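Everything on this sheet refers to the single structure shown next.
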Amino acid sequence: YRYHATRIIGDIHLRQKEFDEARKAFESLVEMAPKNPTGHYRLGLLDRFEGDLDSAMASFQRALDISPTLMDAFSNVILIHLSRKEYDQAIEKCDAQLEKAGDNALAQAMIHNFKGRIHTIQKDLDAAEASFKSSIEASPNFAPSYYALAGLYLRKGEADEAIAQYNDIL
């Protein structure tokens, strides 16, 4: 119960923007259970809120080293890369994480979806389309990739293809 209560206390402090108190709580989580990704992830969030993106990235990466399918941590890694306009590094992180995610279909789908979105930002629409299709193949029930692929088709002026994606969701 101590671990759970400490996490909740840290979360409350974080929401209240009491960063020093939140840090104490999250560091306690890491001390109590260094192999649990939660403390590392929460420290990453705190560092990100405080604008220390390098420390945030390191904390998120520690969380991912413990739990490679922790998509909350992974999404923050990608968001940091995107905020820095490090698109190639973001794609490399996606490719590396696909290997680490193993046969977890939802994680695979989410990572491919991230790749598709990054390729879209880069205006590489063919690569984006391939990534969204890989996402759907990995997890046919992951609706965000259908929406993203439909949006991509609309952007390319392929309305019939977009409608087909929306129909696949139904």
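Given the structure is predicted, the values throughout are model-derived calculations rather than measurements. Residue numbers run from 1 in the order of the sequence given.
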Hydrophobic clusters here meaning ILVMFWY residues chained together by side-chain heavy-atom distances under 4.5 Å, can you tell me if [X] and [Y] are in one?
X	Y	answer
Ile8	Leu14	no
Leu82	Leu125	no
Leu43	Ile12	no
Ile136	Leu152	yes

What is the distance from atom [atom1] of [X] to atom [atom2] of [Y], rounded to the nearest 0.5 Å?
X	Y	atom1	atom2	answer
Asp124	Ser131	CG	OG	8.5 Å
Lys115	His119	NZ	NE2	5.0 Å
Gln89	Ile118	CD	CD1	10.5 Å
Ile111	Gln97	CD1	CD	5.0 Å

Locate the shortest heavy-atom distance separating Ala73 from Ala63; write the atom from each residue and the value.
CB-CB, 4.2 Å
Residues Ala138 and Ala105: closest non-hydrogen pair is O-CB, 3.3 Å
So, do [X] and [Y] sit near enough that their side-chain heavy atoms are less than 4.5 Å apart?
X	Y	answer
Phe132	Tyr146	no
Phe74	Cys94	yes
Leu64	Tyr41	no
Leu106	Met71	no

Indicate whether the side chain of Thr120 and that of Arg117 have a donor and an acceptor atom separated by less than 3.5 Å.
no
Consider only side-chain N and O atoms of Asp65 and Gln61, and report whether a donor and an acceptor are under 3.5 Å apart.
yes
Any carboxylate oxygen within less than 4.0 angstrom of a Lys/Arg side-chain nitrogen, looking at Glu129 and Lys156?
yes
So, are Lys24 and Asp20 salt-bridged, with charged N and O less than 4.0 Å apart?
no
Can you confirm whether more than 12 heavy atoms, excluding those of [X], are under 6.0 Å from its [atom1] atom?
X	atom1	result
Asp160	CG	no
Tyr87	OH	yes
Glu137	CD	no

Mark yes or no for whether Ser59, through its side chain, and Ala56, through its backbone, hold a donor-acceptor pair below 3.5 Å.
no
Taking the side chain from Gln108 and the backbone from Gly102, do they hold a donor-acceptor pair closer than 3.5 Å?
yes
Only one of Gln16, Arg23, Glu21, Lys17 passes side-chain contact (heavy atoms from CB on, under 4.5 Å) with Phe19, and that residue is Lys17
